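Here's the structure we're looking at; comments come further down.
What you see is a predicted model, and the numbers here were worked out from it, not measured in a lab. Residue indices begin at 1 and follow the sequence shown.
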Amino acid sequence: MNTNHYGVIMAGGVGSRFWPLSRKKFPKQFIDIFNTGETLFRQAYDRLIKHCPAENIYIVTNEAYREIVHHEIPDMDDSQILGEPSPRNTAPCIAYAAYKISEKNPKAVMAVVPSDHLILEEDIFYTTMEEGFAFAEKNDVLVTLGIQPTRPDTGYGYIQMDEDRKIDGVAKVKSFTEKPNLEIARQFVESGEFFWNSGMFIWNAGTILKAYKKLLPEIAEIFEKGRKIYFSPEEQPYISKAYEMCTIISIDYGIMEKADNV
């Protein structure tokens, strides 16, 4: 297994869409919603463990869920659980993980995935992830994974690919669209150019840090200053202060929609 492969699971959501089954103190990612015998979070971890060594998997979650994560993965070192003091959307949490991982291994290639996906065709997922890791390792790019739409759904964001700009079978992204109305969603699906935005990404550490410095320099500066205290007792107190300074912004809006190498 490639020791430069890292996985980041975003597990900080409060699960409001699944209320009352999902509660703030015990959100949906930590519940066996589909009666599979495993929580969605544990399934996400089990998928990543096929691509990354166990010591290279990091969980970004609300500090209040740290013990739940330990219960789900008892052998995980506490330094692999990145406790957020408050929700700031996905750009700050991914920056925190990227800076901490790059401090440990500048050659890291990171897969970033949500903790609440149900993926039944795991063989296809595995192949896609391996292709993504290999592509990101060799190219200065931000890889985003799209899902072939099966219906004109208005609940998802969409990614438009540029069929004429492919490298080794991987398409350049032409545009991102937030949740469209039904008529536009129909046009997207019929065109064959659009995919559902999965919220899953793969990139090497140097590429994503460069994107933060260019497109979200304030957030980059905050987590850059913490480099020397990551993996130390001073980390959590620093992060508590750092999050207060972070803008609430998603990785999609802050970086993916603005970068020219997606």
Side-chain angles (χ1 to χ4, degrees), residues 5-11 13 17 29 40 43-44 47-48 50-52 60 89-91 93-94 97-98 109-204 207-208 211 215 249-262:
H5 287 184
Y6 284 73
V8 176
I9 301 176
M10 298 180 290
R17 294 179 185 177
Q29 62 266 29
L40 294 174
Q43 289 179 40
R47 287 191 294 268
L48 279 184
K50 297 175 182 178
H51 305 277
C52 316
V60 189
N89 214 317
T90 52
C93 88
I94 292 173
V109 184
M110 304 164 47
V112 181
V113 302
S115 60
D116 56 358
H117 280 173
L118 177 69
I119 298 177
L120 300 178
E121 297 178 328
E122 292 196 357
D123 54 335
I124 296 175
F125 177 80
Y126 176 83
T127 301
T128 303
M129 289 289 285
E130 284 297 295
E131 291 173 354
F133 269 113
F135 190 74
E137 200 161 21
K138 297 175 183 176
N139 297 280
D140 184 22
V141 293
L142 305 172
V143 178
T144 181
L145 303 188
I147 299 173
Q148 186 72 51
T150 56
R151 61 187 181 276
D153 202 300
T154 60
Y156 300 130
Y158 286 74
I159 305 169
Q160 183 184 22
M161 66 174 177
D162 190 337
E163 278 281 14
D164 298 326
R165 300 177 67 189
K166 284 187 175 181
I167 303 172
D168 297 333
V170 181
K172 184 84 161 54
V173 170
K174 185 182 291 186
S175 68
F176 287 89
T177 303
E178 296 298 324
K179 300 170 184 177
N181 62 40
L182 184 58
E183 181 55 36
I184 292 176
R186 284 198 185 102
Q187 294 174 19
F188 284 175
V189 175
E190 290 170 2
S191 75
E193 295 181 3
F194 289 81
F195 293 83
W196 286 334
N197 189 344
S198 73
M200 295 187 279
F201 314 101
I202 306 175
W203 43 54
N204 66 64
T207 298
I208 189 61
L215 300 170
I249 187 169
S250 71
I251 191 75
D252 296 274
Y253 184 75
I255 289 181
M256 303 305 288
E257 294 179 14
K258 297 178 173 66
D260 58 8
N261 60 335
V262 180

Practice prompt. Look at the side chain of Thr127 and the backbone N and O of Ile124, then say whether any donor-acceptor pair between them is shorter than 3.5 Å.
Written response: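 Looks like no, no N/O pair under 3.5 Å.
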Fill in: Nearest-0.5 Å distance that lies between atom CZ in Phe201 and atom CD1 in Ile255
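The distance works out to 9.5 Å.
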Worksheet item: CZ/Phe194 to CD/Gln187 distance, rounded to the nearest 0.5 angstrom?
Response: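 Between atom CZ of Phe194 and atom CD of Gln187 there are 9.0 Å.
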Item to complete: Verify side-chain contact (heavy atoms from CB on, under 4.5 Å) between Gln43 and Ile119, making sure each step is shown before the conclusion.
Response: CA-CA 9 Å; Gln43 289 179 40; Ile119 298 177; over 6 Å; no
Worksheet item: Does Phe176 CZ have over 12 foreign heavy atoms under 6.0 Å away?
Response: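 Correct, the count exceeds 12.
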Discussion item. With a sphere of 6.0 Å drawn around CG of Asp168, does it hold more than 12 non-hydrogen atoms of other residues, nucleotides or ligands?
Written reply: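 No.
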Provide the full list of salt bridge (charged side-chain N to carboxylate O under 4.0 Å, His left out) pairs with a residue in [range], sequence neighbours left out, each pair given once.
range: residues 112-122; value: Lys28-Asp116, Lys50-Glu122
range: residues 249-262; value: none
range: residues 132-148; value: Asp140-Lys210
range: residues 181-197; value: Glu183-Arg186

Distance-only check: which donor-acceptor pairs under 3.5 Å involve side-chain atoms of residues 142-158, not counting sequence neighbours?
{"unit_1": "Arg151", "atom_1": "NE", "unit_2": "Asp153", "atom_2": "OD2", "d": "2.9"}
{"unit_1": "Arg151", "atom_1": "NH2", "unit_2": "Asp153", "atom_2": "OD2", "d": "3.1"}
{"unit_1": "Asp153", "atom_1": "OD1", "unit_2": "Gly155", "atom_2": "N", "d": "2.6"}
{"unit_1": "Tyr158", "atom_1": "OH", "unit_2": "Asp153", "atom_2": "N", "d": "3.1"}
{"unit_1": "Tyr158", "atom_1": "OH", "unit_2": "Asp153", "atom_2": "O", "d": "2.6"}
{"unit_1": "Tyr158", "atom_1": "OH", "unit_2": "Trp196", "atom_2": "NE1", "d": "3.2"}

For residues [X] and [Y], report the shortest heavy-atom separation together with the two atoms involved.
X: Gly192; Y: Met161; value: O-CE, 3.9 Å
X: Ala98; Y: Ile208; value: CB-CG2, 4.0 Å
X: Phe133; Y: Cys52; value: CZ-SG, 4.0 Å
X: Pro114; Y: Ser198; value: CG-O, 4.1 Å
X: Val141; Y: Ala136; value: CG2-CA, 4.4 Å
X: Asp162; Y: Ala171; value: O-CB, 4.1 Å

With the side chain counted from C-beta on, respond yes when [X] and [Y] share a heavy-atom pair under 4.5 Å apart, and no when they do not.
X: Ile94; Y: Val8; result: no
X: Asn197; Y: Glu178; result: no
X: Phe135; Y: Ile202; result: no

Practice prompt. Measure up the Phe125 and His51 rings against each other and bin them: parallel (under 30°), tilted (30 to 60°), perpendicular (over 60°).
Written response: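 Ring orientation of Phe125 relative to His51: perpendicular.
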Worksheet entry | Verdict with reasoning, Val113 to Ile9, per side-chain contact (heavy atoms from CB on, under 4.5 Å) | CA-CA 5 Å; Val113 302; Ile9 301 176; 4.1 Å; yes
Worksheet item: By side-chain hydrogen bond (donor to acceptor under 3.5 Å, both in side chains), which residues pair with Lys166, not counting sequence neighbours?
Response: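 Per chain and number, Lys166 pairs via side-chain hydrogen bond (donor to acceptor under 3.5 Å, both in side chains) with Glu163.
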Practice prompt. Assess whether side-chain contact (heavy atoms from CB on, under 4.5 Å) is satisfied between Lys172 and Ile167, documenting all intermediate values.
Written response: CA-CA 8 Å; Lys172 184 84 161 54; Ile167 303 172; over 6 Å; no
